[in-house]
Amino acid sequence: MLGLMQDQPLMISSLIEFAERHHGDGEIVSRRVEGDIHRYTWADVARRARQVANALDGEDLLFSDRVATLAWNGYRHLELYYGVSGSGRVLHTINPRLHPDQIAWIANHAEDQILCFDLSFLPLVQAVHAKCGTVKKWVALCDADKLPADSGIPGLVSYEDWMGAQSDDYAWPSFDENSASSMCYTSGTTGNPKAALYSHRSTILHAYAAALPDVMGISARDAVLPVVPMFHVNAWGIPYSAALAGAKVVFPGPALDGKSVYELIEAEKVTYAAGVPTVWQMLLTHMKPAGLRFSTLRRTVIGGSACPPAMIHSFQQDYGVEVLHAWGMTEMSPLGTLCTLKNKHLDMPADAQDAIRLKQGRAIFGVDMKIVDGAGKELPWDGKAYGDLLVKGPWIVKEYFKGEGGDPLVPDEQGRGWFPTGDVATIDADGYLQITDRSKDVIKSGGEWISSIEIENIAVAHPAIAMAACIGVFHPKWDERPVVAVVKRPGADVTREELLKFYEGKTAKWQIPDDVLFVEAIPIGATGKILKTKLREQLKDYKLPAA
Ligand code: AMP
């Protein structure tokens, strides 16, 4: 017997319809590429998303055709999120920090039909447009009078001309909720990038889950600042969860330096911010010397790479901002775990609480996870055993776009498919996950594993160190030994010997790095994460000091 409930497909358009009807006056504030601040409401987003949908219908696009963006976080990008997916097309957000050849490769692989870009990326588009054979229309996300005259891009139109001429009367279509809605290519540190293809159903389920109190906990009282880019895994789903909750959204545009982010937080009374550790590092570096405080910021989600304990401590203890450490990946829409305390932790001293917050947190309902040994045998949740992390759930990929890379899933005894994350982790008895490494970054020393994240965390806890990256270097006896490359804070000083001494008592003796390398900068990839492949390349001629 079937239940007798209404059968309504889960559609992304329903989010924007809901936002317009129930909190249409909620504010959307954007710092524009031009530098000024733009303000309007959820009702305006809904109206203009319908105009986008009409404009797309006028381009003879088929169902599931791809519409690409090369854009910062801003209101026009948000309109495309809803107009493109809502009308049955697939929004392909491209990371503008990728190499131009990679961008052309991705646009061709996705068979993008229309590409919308912020004017900051005009030189990039000029460099790649001739190589993007499938793109039949280029749209500059600007007012008509800002459209460059001699761009060299055939048929270039301004977004405002293109969609502004359209009616805002549009009935969102209803279709199979498993239809594709958006796509994002993985960082592709090895081989060509592969795309995760999200569906309406996966996006809505993720939006519901993300809004839960022990997940992102976004509410109608929040003013949310997604510093995490809309070109990287849909800004962790915030554009959808904020519509569902009715939060105010504040988009930082291209200005991601500490000063600009701080000023926006204060001016717009931001209560909630989300981003990768490198962005928060810039913010804290700006605030500390000037003695600045937050007036309204209460919580910040930090993820994408391990959040150093020094940062958790500073946000919590110095600024009274709760850190929500999150883990996920492009293939997971992206949220997998998020770290909030349990009731029994509330009476613990602050430092003990910080030690829990350092972990990546507990699985979100919908995501199941396990750690396995080399033979695929599940390992205990004791906080000590570490193994390869596998996940499954309705917002996790089952295969990549166009079947690239074959079937990634690993079946269990019941034949259920688990996605291998490529991360190595422990899980404790309370279900808190702790990522110890990417499997390819683990340092294997004398048959034991050393967590590069732990070595980095200790280095950045030293007051003179701004950034650290640890890699394994060949050793004739131990196979590999850790060395840590560090960037000093401006004006601060520390010697190699002092830093090595700093490790004593903080980790097992045999895990202390063999060497410290002072560098000007550590290579950062397109999504703000340390590029260890590049660092290894830079240090390929490096030899360990004689013992
Ligand atoms: P991406 O798909 O580019 O977002 O990268 C996903 C990968 O980033 C994960 O598989 C992890 O290796 C890493 N990652 C994401 N969040 C965290 C975190 N909080 N701590 C440590 N690593 C993380």
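For clarity, every value in this text was computed on a predicted model and none was experimentally measured. We're numbering straight along the sequence, starting at 1. Ligands are counted one by one from 1 in listed order, and the atoms in each one are counted from 1 as well.
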Lys/Arg N to Asp/Glu carboxylate O, Lys342 vs Asp214, below 4.0 Å: no
Is any NZ, NE, NH1 or NH2 atom of the basic residue among Lys392 and Asp412 found under 4.0 Å from an Asp or Glu carboxylate oxygen of the other? no
If we number the atoms of ligand 1 from 1 as shown, the ones under 4.0 Å from a heavy atom of Thr330 are 1 (P), 2 (O), 3 (O), 4 (O)
Which ligand 1 atoms, with their elements, are less than 4.0 angstrom from a heavy-atom of Gln360? 18 (C), 19 (N), 20 (N), 21 (C)
Going by atom types only, do Trp72 and Ser120 share a side-chain donor-acceptor pair under 3.5 Å? yes
Using a plain distance cutoff, I'd like to know if [X] has any nitrogen or oxygen under 3.5 Å from a nitrogen or oxygen of ligand 1.
X      : result
Gly304 : yes
Ile435 : no
Ala306 : yes

Residue-ligand contact [X]/ligand 1, heavy atom below 4.0 Å:
X      : result
Gly422 : no
Cys307 : no
Lys529 : yes

When the side chains of residues 382-390 are checked against the rest of the protein, which donor-acceptor pairs come out under 3.5 Å, sequence neighbours left out?
unit_1: Asp382; atom_1: OD1; unit_2: Lys384; atom_2: N; d: 2.8
unit_1: Asp382; atom_1: OD1; unit_2: Ala385; atom_2: N; d: 2.8

Can you tell which of Ile455, Asp437, Thr436 makes a side-chain contact (heavy atoms from CB on, under 4.5 Å) with Ile450? Ile455
At under 4.0 Å between heavy atoms, what of Asp423 touches ligand 1? The answer is side chain
Parallel, tilted or perpendicular: which one describes the rings of Tyr81 and Tyr240, with boundaries at 30° and 60°? tilted
Would you compute the distance between atom SG of Cys132 and atom CD1 of Ile94 and round it to the nearest 0.5 angstrom? 7.0 Å
